[in-house]
Amino acid sequence: MAFVVTDNCIRCKYTDCVAVCPVDAFHEGPNFLAINPDVCIDCELCVPECAAAAIFQEDALPEGMEQYLELNAELAQIWPVITQVIDAPIDAEQWDGVKDKREHLII
């Protein structure tokens, strides 16, 4: 099992979750984070740290978020690992909670 970053991370990209990951499973893109399912050890430490409530266990993904399981795996192969907290985008609070942000994902 692995954890999956879902839709609400897009354009929010809070990074508090990466600081607690014991195996460096997070990868950073321009406006989204992804978890490498081959590295994730299912420890759940990242979940309470996610300010956008965008991280779920793969077998507990909310309805409509199933596509993010494969997307995380794909993006983790092309994006670099992130291990340090960085500032969220200046407009992150405005995007937090906006539905259906997939079209805004920059790969």
Contacts of Trp79 that satisfy ring pair (Phe, Tyr, Trp, His ring centres under 6.0 Å) - sequence neighbours left out: none
Are [Y] and [X] co-members of a hydrophobic cluster defined by side-chain heavy atoms under 4.5 Å apart?
X	Y	result
Val5	Val39	no
Phe3	Val20	no
Phe26	Tyr14	no
Leu71	Trp95	no

Using atom types as modelled, flag every donor-acceptor pair under 3.5 Å from a side chain in residues 54-63 to any protein atom, sequence neighbours excluded.
from: Gln57; atom 1: NE2; to: Asp42; atom 2: OD1; distance (Å): 2.8
from: Gln57; atom 1: NE2; to: Asp42; atom 2: OD2; distance (Å): 3.0
from: Glu58; atom 1: OE1; to: Ala2; atom 2: N; distance (Å): 2.8

Looking only at heavy atoms, which two atoms of [X] and [Y] are closest? And how far apart?
X	Y	result
Ala19	Val85	CB-CG2, 3.6 Å
Leu75	Ala34	CB-CB, 4.0 Å
Val23	Cys40	CG2-CA, 4.3 Å
Leu33	Cys17	CD1-SG, 3.7 Å
Ala52	Cys12	CB-CB, 4.5 Å
Ile10	Arg102	CD1-CA, 3.7 Å

Within this structure, what is the CG-CD distance for the pair Leu69 and Glu74, rounded to the nearest 0.5 Å? 10.0 Å
About how many Å separate SG of Cys21 and CD1 of Ile82, when rounded to the nearest 0.5 Å? 11.0 Å
Taking C-beta and beyond as the side chain, do Asp96 and Asn8 meet within less than 4.5 Å on heavy atoms? yes
Answer yes or no: is there a side-chain heavy-atom contact under 4.5 Å between Ile78 and Ile107? yes
Does any pair with a residue in residues 4-30 pass salt bridge (charged side-chain N to carboxylate O under 4.0 Å, His left out), and if so which ones, sequence neighbours excluded? Arg11-Asp91, Lys13-Glu28
Does Glu70 have more than 12 heavy atoms from other residues, nucleotides or ligands lying within 6.0 Å of its CD? no
What verdict does the side chain to side chain contact (heavy atoms under 4.5 Å, CB included) test give for Val18 and Thr83, after you've listed the backbone C-alpha separation in whole Å, the side-chain angles of each residue and the deciding distance to 0.1 Å? CA-CA 5 Å; Val18 305; Thr83 59; 5.9 Å; no
Verify, without hydrogens or angle tests, whether Gln67 (side chain) and Met65 (backbone) share a donor-acceptor contact under 3.5 angstrom. no
Is the side chain of Asn31 donor-acceptor paired with the backbone N or O of Ile106 at a distance under 3.5 Å, no angle test? yes
